[in-house]
Engineer: 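One structure is given below, represented as structure tokens, and several questions about it will come after.
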Amino acid sequence: MDKFTTLTAVAAPMPIVNVDTDMIIPKQFLKTIKRTGLGKSLFFEMRYNEDGSENPDFVLNKPAYRKAQILVAGDNFGCGSSREHAPWALKDFGIRCVISTGFADIFYNNCFQNGILPVVVSPEDLDKLMDDASRGANATLTIDLEAQEVRGPDGGSIAFDIDPFRKHCLLNGLDDIGLTLEKNSAIAGFENRLEAERPWV
């Protein structure tokens with residue numbers, strides 16, 4: 001998993017509440033277990049018209065936001081079903097951080113497992129960040145995970161809370177497999193002792 005330390009990138013505004021996982025990645029794209037290739041289907045029903053052409057009014061289709069890596073979203077982002085394809089699609093598109101006033105629990109946890117930082121802020125702070133993100137090509141935010149700060153284009157900063165263990169995992173690029181491999185020497189020692197003490201096992 002990629003490390004998340006500091007990210008300076010364009011932020012796209014999505015002032016929609018209750019964006020559920022089916023809006024993020026519709027059910028017809030859940031047939032794969034690969035984490036790649038889903039970015040083109042992210043927000044499929046909002047990004048594309050019925051004839052398959054791009055919807056020019058959708059924020060991520062606008063020139064200023066096509067390479068956005070931060071999403072500033074409305075409350076209760078990621079509600080609905082527990083599909084892990086939702087953070088996969090966000091990550092494959094290039095989104096590394098989602099900022100909102102609240103997330104659905106399963107989606108929130110899945111983000112950390114996939115190297116995406118979900119940042120919870122107050123409604124007042126979200127309004128400020130939504131305004132920053134509405135500036136088009138100048139909508140650049142900096143997310144400093146070590147300092148736990150979101151810095152806006154005018155130099156203002158907003159602090160956010162994060163569980164210390166999750167922070168450690170993101171800073172070091174550790175998913176569950178990576179955490180297990182950190183104990184590799186202890187695991188190997190245990191297996192060697194077990195083989196010596198119980199060769200019949």
Engineer: If I compare all heavy atoms of Ile16 with all of Met46, which pair ends up nearest, and what's the gap?
Structural biologist: CD1-SD, 4.2 Å
Engineer: Would Leu30 and Phe93 show up in the same hydrophobic cluster when neighbours are defined by side-chain heavy atoms closer than 4.5 Å?
Structural biologist: no
Engineer: Carefully, step by step, assess Val10 and Ile70 under the rule side-chain contact (heavy atoms from CB on, under 4.5 Å).
Structural biologist: CA-CA 6 Å; Val10 169; Ile70 302 167; over 6 Å; no
Engineer: Side chains of Thr5 and Leu145: does their closest heavy-atom pair fall under 4.5 Å?
Structural biologist: no
Engineer: So Ile99 and Phe160, do their side chains get closer than 4.5 Å, heavy atoms only?
Structural biologist: no
Engineer: For Asp105, is the CG atom crowded, meaning more than 12 foreign heavy atoms sit under 6.0 Å from it?
Structural biologist: no
Engineer: Does a salt bridge link Lys40 with Asp92, judged by any charged N lying under 4.0 Å from a carboxylate O?
Structural biologist: no
Engineer: Could you tell me how the ring of Tyr48 sits relative to the ring of Phe44: parallel (under 30°), tilted (30 to 60°) or perpendicular (over 60°)?
Structural biologist: tilted
Engineer: Angle between ring planes, Phe58 versus Phe43, binned at 30° and 60°: parallel, tilted or perpendicular?
Structural biologist: tilted
Engineer: Calculate, to the nearest 0.5 Å, the distance between atoms CD and OG1 belonging to Glu146 and Thr6 respectively.
Structural biologist: 8.5 Å
Engineer: Apply side-chain contact (heavy atoms from CB on, under 4.5 Å) to Lys91 and Trp88, showing your working.
Structural biologist: CA-CA 5 Å; Lys91 181 76 177 294; Trp88 291 356; 5.9 Å; no
Engineer: List the atom of Val119, the atom of Cys97, and the distance in Å for their closest heavy-atom pair.
Structural biologist: CG2-SG, 3.8 Å
Engineer: Should we say atom CD1 of Ile106 is surrounded by more than 12 heavy atoms from elsewhere, each under 6.0 Å from it?
Structural biologist: no
Engineer: Run the side-chain contact (heavy atoms from CB on, under 4.5 Å) check on Phe107 and Ile24 step by step: do they pass?
Structural biologist: CA-CA 11 Å; Phe107 175 83; Ile24 297 170; 4.1 Å; yes
Engineer: Spell out, as yes or no, whether a donor-acceptor pair under 3.5 Å connects the side chain of His168 to the backbone of Asp163.
Structural biologist: no
Engineer: So which atom in Pro199 and which in Ala196 form the shortest heavy-atom distance, rounded to 0.1 Å?
Structural biologist: CD-O, 3.8 Å
Engineer: Side chain of Ser53, backbone of Asn49: donor and acceptor closer than 3.5 Å?
Structural biologist: no
Engineer: Please determine, by modelled atom types, if Arg35 and Asn114 share a side-chain donor-acceptor pair under 3.5 angstrom.
Structural biologist: yes
Engineer: Would you say Leu42 ends up clustered with Phe29 if hydrophobic residues are merged whenever their side chains have heavy atoms under 4.5 Å apart, either directly or through other cluster members?
Structural biologist: no
Engineer: What are the two closest non-hydrogen atoms of Tyr65 and Val59, and how far apart are they?
Structural biologist: CB-O, 3.3 Å
Engineer: From Phe112 CZ over to Leu170 CG, what is the distance, rounded to the nearest 0.5 angstrom?
Structural biologist: 6.0 Å
Engineer: How long is the gap from CZ on Phe190 to CD on Glu197, to the nearest 0.5 Å?
Structural biologist: 8.5 Å
Engineer: So Val17 and Asn76, do their side chains get closer than 4.5 Å, heavy atoms only?
Structural biologist: no
Engineer: Does Arg96 use its side chain to pair, donor to acceptor, with the backbone of Leu90 at less than 3.5 Å?
Structural biologist: no
Engineer: Lys3 and Leu171: side-chain contact (heavy atoms from CB on, under 4.5 Å), yes or no, with the steps?
Structural biologist: CA-CA 5 Å; Lys3 294 179 180 180; Leu171 286 172; over 6 Å; no
Engineer: Taking the side chain as C-beta and beyond, is there a heavy-atom pair between Cys79 and Phe103 under 4.5 Å?
Structural biologist: no
Engineer: Is there a donor-acceptor contact under 3.5 Å from the side chain of Thr21 to the main chain of Ser81?
Structural biologist: yes
Engineer: Would you say the side chain of Ile116 lies within less than 4.5 Å of the side chain of Pro87, judging by non-hydrogen atoms?
Structural biologist: yes
Engineer: Supply the atom-to-atom distance Thr32 OG1 to His85 NE2, rounded to the nearest 0.5 angstrom.
Structural biologist: 6.0 Å
Engineer: If we only count heavy atoms from C-beta on, is the Ser41 to Ile25 side-chain gap below 4.5 Å?
Structural biologist: yes
Engineer: Is Arg47 salt-bridged to Asp57, going by a charged N under 4.0 Å from an acidic O?
Structural biologist: no
Engineer: Just so I know, are the side chains of Val98 and Phe77 near enough to count as touching, which here means a heavy-atom distance under 4.5 Å?
Structural biologist: yes
Engineer: On a heavy-atom basis, which atom in Arg151 and which in Ser157 lie closest, and how many Å separate them?
Structural biologist: CG-CB, 3.9 Å
Engineer: Would you call Arg198 and Trp200 a side-chain contact if the rule is heavy atoms closer than 4.5 Å?
Structural biologist: yes
Engineer: Taking atom NZ of Lys167 and atom CG of Asn172, what is their separation to the nearest 0.5 Å?
Structural biologist: 11.0 Å
Engineer: Of all heavy-atom pairs between Ala133 and Pro13, which one has the smallest distance, and what is that distance?
Structural biologist: O-CD, 3.3 Å
Engineer: Of Asp125, Asp144, Leu129, Thr142, which is the lone residue that meets side chain to side chain contact (heavy atoms under 4.5 Å, CB included) with Val150?
Structural biologist: Leu129
Engineer: Backbone N or O of Gly156 within a donor-acceptor pair of the Asp154 side chain at under 3.5 Å?
Structural biologist: no
Engineer: Is it the case that more than 12 heavy atoms not belonging to Glu50 sit under 6.0 Å from its CD atom?
Structural biologist: no
Engineer: Run the salt-bridge test on Glu54 and Lys62 with the 4.0 Å N-O cut-off and return the result as yes or no.
Structural biologist: no
Engineer: If the threshold is 4.0 Å, N to carboxylate O, is there a salt bridge linking Asp131 and Lys128?
Structural biologist: no
Engineer: Taking atom types as modelled and ignoring hydrogens, do the side chains of Gln148 and Asp161 form a donor-acceptor contact shorter than 3.5 angstrom?
Structural biologist: no
Engineer: Let me confirm one number: the CG-CG distance from Leu141 to Asp132, rounded to the nearest 0.5 Å.
Structural biologist: 6.0 Å
Engineer: Donor-acceptor pair, distance only, cut-off 3.5 Å: does the side chain of Asp75 make one with the backbone of Gly102?
Structural biologist: yes
Engineer: Can a donor-acceptor pair be found, under 3.5 Å and without considering hydrogens, that links the side chain of Asp22 to the backbone of Lys27?
Structural biologist: yes
